[in-house]
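Just so you know, residue 1 is the first one in the sequence shown, and it goes up from there.
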Amino acid sequence: MTHHQSALTTLIGEVLADPDLAHSDVFRRMLQAGLQDLINAEATVKIGAAPHERTPERTTRRNGTRPKTLATPAGEVDLQIPKLREGSFFPSLLSPRRRVDKALYAVICQAWIDGVSTRKVDQLVRALGNDTGISRSTVSRICGEIDESVQEFLHRRIDHTWFPYLFLDATYLDVRHRGRVVSQALVVVATGVSGEGRREILGMALGDAENTDFWTEFLRSLRDRGLKVATDADPFGVALVTSDAHAGLKAAVKAILPGSGWQRCRVHFARNVTQKIGSARSKPVNALISTIFAQTTTEAVTAQYKAVTDSLRSSFPEIAAMLEAAEPDLTAFAPLPREHWQKVWSNNPIERLNREIKRRADVVQIFPDQGSVTRLIGAVLQEQHEEWSYGERRYFSDISMRKLVHTLNEHTEPARPELYLTA
């Protein structure tokens with residue numbers, strides 16, 4: 001609020017000035033302050049101006065307030081409802097539809113999504129003044145209401161644009177299965193970068209093993225939902241898939257996404273080198289290999305790749321052989337715009353997302369079933385998707401995406417430079 005200090009800000013200032021105020025009543029006062037700020041903000045929208053503000057959009061003026069006492073789990077809170085000189089105003093937050101109850105349910109659901117266990121949710125509700133707490137069944141029922149939104153998100157159409165870049169990875173979670181706890185390659189996530197340069201969550205699947213059949217089914221589901229495949233006549237489908245070197249995944253990409261390149265994640269390759277020769281010996285080797293990715297032109301990448309391979313041939317012949325076999329896959333990024341290299345030659349973006357998934361899941365520790373995994377992880381993915389979709393930052397700029405368009409057009413048979421020039 002620009003013309004007066006918010007109630008919540010005022011309360012926070014009081015608590016900071018006098019720590020003795022931070023007793024049990026502070027929860028009730030924080031809720032009261034937050035509700036009052038929401039009411040005042042809605043009144044400002046209704047009136048078209050904040051208190052003491054002059055705007056062309058003003059439709060009426062404030063005319064004092066009327067008191068309203070609201071019962072909440074944290075106790076009774078006293079609110080002030082603005083009155084208007086013309087017309088009437090009643091905040092939607094306090095409408096007869098019990099929106100406060102819905103908001104409370106949403107808080108509980110969000111707490112669970114944020115990694116707060118059922119027991120901690122119970123403690124949270126008690127701290128807010130509800131001595132009876134909240135039952136496990138109630139929490140489960142409330143969280144179950146998330147399912148419809150998550151399922152709609154995970155099964156939505158994805159043909160609204162083309163996705164030149166696709167990132168695939170799996171993370172492991174513990175799930176109770178037939179009475180015992182098993183560690184499964186459960187959560188498989190696909191993220192994409194759109195033709196507009198924005199990241200999106202494209203899909204998620206649960207499975208028992210990362211085999212060819214599983215990956216094939218998952219990628220086919222993306223195609224069925226509208227993921228576009230590149231062709232010789234129209235290259236504006238998936239241009240590059242980045243993943244680790246799992247044989248089943250690689251085979252599925254080749255079968256389901258023909259026309260796309262495959263970039264072997266350089267970070268995973270470095271780990272493979274470490275596994276092969278040990279941590280101490282691998283450090284200088286991986287440092288040498290990293291010089292390949294420090295080049296600035298396609299030709300320089302090719303030349304440096306050969307130089308590094310040759311230099312390792314006598315001292316580390318097994319690593320030289322690995323490099324020779326992996327060259328087409330480790331350098332798939334090279335023909336693409338230079339601005340894109342650093343963000344497509346590894347799975348780091350999706351691995352950061354996987355770490356967030358693990359962080360949220362660690363509180364649960366052992367999921368009771370696969371349905372609960374879908375509910376929690378699906379909600380986390382939906383939250384991340386919305387942050388990416390509606391945020392101001394783009395993963396790639398318009399200029400760099402135009403460069404990608406021209407690069408893909410150059411490889412079209414026959415060349416069609418008019419395609420996606422405004423992507």
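Residue Arg271 qualifies as enclosed at atom CZ: its count of foreign heavy atoms under 6.0 Å is above 12. The neighbour count for Lys343 NZ, taken as heavy atoms of other residues, nucleotides or ligands under 6.0 Å away, is above 12. Annotation for Gln151: atom CD counts as buried by contact number, over 12 foreign heavy atoms lying within 6.0 Å.
A donor atom on one side chain and an acceptor atom on the other are found under 3.5 Å apart for Arg62 and Thr44. Side chains of Glu339 and Ser400: no donor on one and acceptor on the other come within 3.5 Å.
Side-chain contact between Tyr165 and Thr242: absent, with no pair of heavy atoms (C-beta onward) separated by less than 4.5 Å. At a threshold of 4.5 Å between non-hydrogen side-chain atoms, the residues Thr298 and Thr331 do not count as touching. Within the 4.5 Å cutoff, the side chain of Tyr172 has heavy atoms near those of the Glu210 side chain. Within the 4.5 Å cutoff, side-chain heavy atoms of Leu219 are placed close to those of Leu168. Using a 4.5 Å heavy-atom threshold, the side chains of Arg199 and Phe167 count as separate. By the 4.5 Å heavy-atom criterion applied to side chains, Thr65 and Ile81 are not counted as neighbours.
Screening Trp341, Phe333, Tyr305 for a ring pair (Phe, Tyr, Trp, His ring centres under 6.0 Å) with Phe293, the sole residue that qualifies is Phe333.
Take Ser194 and apply the side-chain hydrogen bond (donor to acceptor under 3.5 Å, both in side chains) test, not counting sequence neighbours, and it matches Glu196. Scored by the ring pair (Phe, Tyr, Trp, His ring centres under 6.0 Å) test, Phe218 finds no partners at all (sequence neighbours excluded).
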